[in-house]
Amino acid sequence: MTKISVYKKALMISIGVAVVGAIAYNKDSIFGTKSKKDAVVTGKKDSSRDVSTTVASPQDKAKSADSTTAVALPKDATSAAGKVEQKEKPAEASKDVKSEKTAGAEPVNSSDMNRPVATFADGTVIKFKEVQDLMMQLPPKSRDAPFSKLYVSLLNRLVDSKVLLDAAIKGGFDKDPEALKRIVDAKELLLQKAYLDKEIDKVITDDILRTKYNELLKLLPKDEMEAEVSHILFNDKESAEKALKELTSAGRNVEAKFNEMVLAKSMDTSTKANKGNIGWVRKADIKNEELFKVAKGTLVPQVLKIFDQGYSVFFIKDKRPIQPPEFEKIKAEIRKAVTPQYAVTVVDKMRRESGLQITGLDGKPMPLPDLPPMPDASGKEPEKKPAERKDFSGVNEKALDNSMVVGVFANGEKITLGQVRDSMTSIPDQLKGSPFHQLFEPLVLRVADTKLLIEAAKKAGLEKSDDLLKKQEEVQKGLVQRAYLDKQFAQVITPEMLKEAYREFEKIFPKDDMEIRIRHIMVGTKDEATAVLKELKGGKAKFDNEYVKAKSIDPNTKESGGDLGYIPKKQLPADLADVLFKAPKATLLPEPVALGDNGFSVIRVEDKRAVQAPSIEEIRPQLMQAVSQREAGKIVMKLREEAKVVMRDMDGSVMAPPAAPAAKPAA
């Protein structure tokens, strides 16, 4: 049977609302079998369809807060840590700032961790140890790269962070009311996450992680090969073809000759010292069949342009069936993937122990949502009928007073409707226009969960832990910097800039991609779906608004006849896309489609067409983000000049100031 886990990505408000369905971890990303290179905007987004049964949990938001720095800082190379998928721009390694050897420079004691590596006009210094400390805060994969390759990028980040923070404090943004509110919210989210992490650590054992690991191993392709690849990068095709011709004539000495040429001619500084070795790659990593057609120990017979910087001559060192990653190497990623499943158990237990009782907008008691069944020992996700959300569309919510009690704990503490309404300010922007009655249940649960988690964290003494205080301090700096940058963006970004960015986006928007409009009726079980399909095919019912409203349990589409809008083909699972696009317009799919924990859907294909580019208003936030990223580089560059910063390389030599950022299309 065709399967799809969800049609449109769910947004979560409450961690407990994730109770509606256990998370489906991303098996592809864990094993690195997919390379995600989506554009800023890939197609029209109908945000009205995104109001789901689940929305951003405190845990998810805390993760975001945990990693908050100067969000709009110019991108640096800290993610280019020597991994295959991170080598798409090999020639750019450590290119941000070039060293300038100065006459009479004093020799540097490499063991002196307190030596200054950046000095400012105000007398402030950044020490070598601070750069190393920052590296230890990078994700584990990034830390695998040699420190020497990340040094310049890390130092740039520290310098940019300092000049931004100084400017923000000078402008009074550390006292800005809006920034202070964001800081309080972010600190609370980190506190909640700290408690959840502590409790989840008690639950997730190595046995659980190994079970998940073994389940993932079963999904690995059994007959796919991977190749160990080396390359020599040239600026132009002519030079690459000349080198290939020379290597081809080397006969049995081709590998030795190839290694010599890497050192002499390759423009890829990140692989030069390793004989041009990129590592083991799969078709999904490189996406060029030519690399996998030749035998090991041979040259690829033509020059290929795989990296943006130029043309490459490739040598295939070895080939083998795809090797699974070792458990210890991906243990942390598996843990991260299964954490939400166990987080809901922690939150659900807290709710029930607190005696939480919820009252709906109609004044009637509401049961707490059931905890989703956990996967069995084999890792198989259990089939579960989704609970129906109570329909408050008939309630005149505007007439309800903010003092109305909608939640109460056993200790007498209350949650009012006003508190729930106030919590709307911190949900994702795309949900703020949704009807309040659709969001009421996850919102009231979110308010309750926040109270419970913060109280438990304080009781456990976590708010005074050094680790948490350090994270909160970093978050505070980042949000103050962000407040300053937002003010600068408001002053420099014009409507014409956004229009120009949109014109650039239109140029790269795919002209031949297809999208499909479908309607569906979601039910809880396969038997129910089969019965609905039989009625529709037999003419006993019509696929109209009335029938959909009577049968569907999807609260987001049942009022609109089950309409899911237009969905680009590439956003659908391949097997489902094949079935949908083969079906004629105005026809039903012959079988129900499984939706994982959400049940089953009976689908009708309404229309197929070329993907329509979204309007400028639909992607204004993405355009604003792209333009802001570019303008942030200019703002930081100016602040650097004013701070008169002097940076030093690892050997103590003074670095030349970086060039002004080149204007790039925002799209």
Side-chain angles (χ1 to χ4, degrees), residues 3-31 52-64 66 189 192-219 325 327-328 330-353 356 368-387 389 441-442 445-446 448-450 452-453 456-457 524 573 594-599:
K3 293 187 178 181
I4 176 174
S5 60
V6 1
Y7 287 114
K8 299 239 178 169
K9 191 172 182 180
L11 297 170
M12 304 173 77
I13 284 180
S14 158
I15 226 180
V17 182
V19 167
V20 180
I23 188 167
Y25 44 84
N26 189 334
K27 305 174 180 68
D28 288 331
S29 65
I30 288 177
F31 283 111
S52 181
T53 53
T54 53
V55 207
S57 66
Q59 188 196 32
D60 290 336
K61 290 188 142 193
K63 286 178 184 175
S64 175
D66 197 358
L189 287 169
Q192 293 174 62
K193 181 180 182 296
Y195 180 77
L196 273 174
D197 287 346
K198 183 175 81 71
E199 293 302 303
I200 291 168
D201 281 345
K202 299 175 183 177
V203 180
I204 301 180
T205 64
D206 264 18
D207 286 343
I208 289 173
L209 297 179
R210 283 195 176 275
T211 298
K212 290 292 182 185
Y213 172 74
N214 292 330
E215 178 192 350
L216 291 168
L217 289 183
K218 296 175 185 177
L219 301 174
F327 171 71
E328 290 299 331
I330 62 166
K331 179 179 174 180
E333 292 182 65
I334 298 176
R335 185 184 190 85
K336 181 179 178 181
V338 303
T339 288
Q341 289 178 304
Y342 293 89
V344 295
T345 65
V346 173
V347 174
D348 182 73
K349 182 181 178 185
M350 294 177 70
R351 287 177 185 167
R352 297 183 191 281
E353 289 179 348
L356 175 64
L368 294 178
D370 292 330
L371 190 67
M374 298 293 280
D376 59 26
S378 68
K380 182 181 178 182
E381 300 288 342
E383 186 175 315
K384 169 184 172 291
K385 181 177 180 178
R389 171 113 358 125
E441 183 180 343
L445 287 170
R446 179 192 183 201
D449 295 346
T450 298
L452 292 171
L453 287 167
L595 304 176
D597 289 336
N598 292 314

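Please read all numbers here as calculations on a predicted model, not as lab measurements.
Nearest heavy atom pair, residue P369 against residue L445, reads CG-CD1, 3.9 Å. Of all heavy-atom pairs between Y213 and P325, the closest is OH-O, 2.6 Å. Between V344 and Q341, the shortest heavy-atom distance links the atoms CG2-O, 3.0 Å.
A heavy-atom distance below 4.5 Å is found between the side chains of V347 and R351. Looking at I200 and T345, their side chains never come closer than 4.5 Å, going by heavy atoms from C-beta outward. In this structure the side chain of N214 reaches within 4.5 angstrom of the side chain of L217, judged on heavy atoms.
Checking L196, L356, L452 one by one against M350, the side chain to side chain contact (heavy atoms under 4.5 Å, CB included) holds for a single residue, L452.
Ion pairing between D201 and R335 holds under the 4.0 Å rule for side-chain N and carboxylate O. Residues K202 and E199 are paired through a salt bridge, judged by an N-O separation under 4.0 Å between the basic side chain and the carboxylate.
Taken to the nearest 0.5 Å, the CD1 atom of I208 stands 12.5 Å off from the CD1 atom of I334. In this structure, L189 CG and T450 OG1 are separated by 7.0 Å, a value rounded to the nearest 0.5 Å. The NZ atom of K336 lies 13.5 Å from the CD1 atom of I330; values are rounded to the nearest 0.5 Å.
Residues passing the side chain to side chain donor-acceptor pair (under 3.5 Å) test with D206 are K331, sequence neighbours excluded.
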